[in-house]
Q: 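Quick one: the structure is below, questions incoming.
Everything quoted here is computed from the prediction, not taken from an experiment. Both ligands and their constituent atoms are indexed starting at 1 by order of listing.
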Amino acid sequence: MTRPPSSAARARPVVALDGPAGVGKSTTARALAERLGFVLVDTGALYRGVALAARERGVPWSDAAALGALAGALDLRFEPASAGREGGRAGEPRLLIDGRDRSDEIRTQEVAQGASEVSAHPPVRDALLGLQRRLGAAGGVVLEGRDIGTVVFPDAEVKVFLTASNEERARRRVDDLRARGQAADYDTVLARITARDAADAGRAVAPLRPADDAVVLDSTRLGFEEVLARIEGLVHAAMG
Ligand code: DC
């Protein structure tokens, strides 16, 4: 395990945005990064990338050691969104695995399930930890995930844990999948979200939970702009 970076070296804050699936983290993180001029790091995309690569190579999502080796060997990179491309959502950074853009393939429900499974293995988490810390080390970055405030950047200047009711999150996820052109049934999505969160929160390593010093924002009844304004307020306060 690499040591957490020192916040003393950062001129601009690290914003840790954690929370369960379908809560609107990605949309919020993207809008926030854009408004602040910060870099956006979607850490879930890295776990999804490992799950996709494992499936293609015939590595079972249950094989912790092989997955750890694979996660360490893959070349995972983000590239800024390119204007006018088909698929995905506007402004969503692209994930390159060994040089190939796999951004759309990691967004299926099957790969989401695989990501949840592979992310429960400590060797996988260890293999991705250094990369996440390097991506955020300079500050001026929004990292979204599950354990950013607890494990990846325990000294992040701004920590937000975004929540919403299961039903509201399922509704948002259905809208999101449909916007990506995928068929989505509300009851199935609700069942999957509930099961995936239980697995993410119940796992032994880096379980989904708010950091002790995180600001918990329940977005069930908050509008998108209000959520954004509150987080922006925290960032501006952190920047003095
Ligand atoms: O945010 P997402 O749906 O793209 O994440 C996919 C899976 O990866 C999710 O089930 C939990 C896992 N994950 C994690 O364990 N730690 C992170 N920092 C980000 C995602």
Side-chain angles (χ1 to χ4, degrees), residues 1 4 14-30 40-55 61 64 67-68 71 76 78 88-89 92-95 97 102-136 141-154 156 159-164 166 169-170 172-177 180 182 184 189 191-211 214:
M1 270 243 232
V14 165
V15 181
L17 186 58
D18 292 306
V23 75
K25 285 191 307 293
S26 305
T27 319
T28 307
R30 203 164 46 245
L40 171 64
V41 179
D42 169 5
T43 63
L46 301 174
Y47 291 97
R48 287 169 182 260
V50 173
L52 177 67
R55 197 189 54 190
W61 289 337
L67 289 165
L76 296 164
F78 290 107
R89 288 176 296 191
E92 191 170 68
R94 316 303 299 165
L95 177 73
I97 306 177
R102 312 303 301 273
S103 315
D104 297 328
E105 289 149 286
I106 62 168
R107 294 294 159 199
T108 66
Q109 296 195 63
E110 194 214 344
V111 173
Q113 177 57 34
S116 183
E117 291 181 35
V118 306
S119 69
H121 303 304
V124 174
R125 305 202 72 84
D126 287 349
L128 296 182
L129 185 61
L131 171 61
Q132 294 173 79
R133 287 187 175 156
R134 279 196 300 284
L135 289 170
V141 63
V142 179
L143 292 110
E144 59 142 315
R146 302 292 190 289
D147 62 339
I148 308 303
T150 50
V151 175
V152 181
F153 282 98
K159 296 185 187 180
V160 174
F161 192 88
L162 207 54
T163 63
N166 290 354
R169 292 189 292 118
R172 292 177 190 175
R173 189 41 64 101
V174 166
D175 288 348
D176 180 55
L177 288 166
R180 292 173 189 279
Q182 297 181 38
V189 169
R192 284 198 183 159
I193 274 189
T194 310
R196 193 145 72 92
D197 288 343
D200 293 344
R203 69 187 176 208
V205 54
L208 173 69
R209 68 166 178 85

Q: Around ligand 1, what residues show up once you keep those with a heavy atom under 4.0 Å from it?
A: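 Ligand 1 pocket, heavy atoms under 4.0 Å: Thr43, Gly44, Tyr47, Arg48, Ala115, Ser116, Ser119, Arg125, Gly145, Arg146, Asp147, Arg196, Asp200, Arg203.
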Q: Side chains of Val41 and Val142: does their closest heavy-atom pair fall under 4.5 Å?
A: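 In short, these two side chains do not touch, never coming nearer than 4.5 Å.
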Q: Under a 4.0 Å N-O cut-off, is there an ion pair linking Arg172 with Asp176?
A: no
Q: Taking only residues two or more places apart in sequence, or in another chain, which ones meet Arg146 in a salt bridge (Lys or Arg N to Asp or Glu O under 4.0 Å)?
A: Asp200
Q: Would you call Asp175 and Arg180 a salt bridge, using N to O less than 4.0 angstrom?
A: no
Q: Say whether, by atom type as modelled, one donor and one acceptor occur between the side chain of Trp61 and the main chain of Ala51 under 3.5 angstrom.
A: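 Side chain of Trp61 to backbone of Ala51, a donor-acceptor pair under 3.5 Å: yes, one is there.
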Q: Just by distance, do the side chain of Asp18 and the backbone of Asp147 share a donor-acceptor pair under 3.5 Å?
A: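 Judged by distance alone, yes, a pair lies under 3.5 Å.
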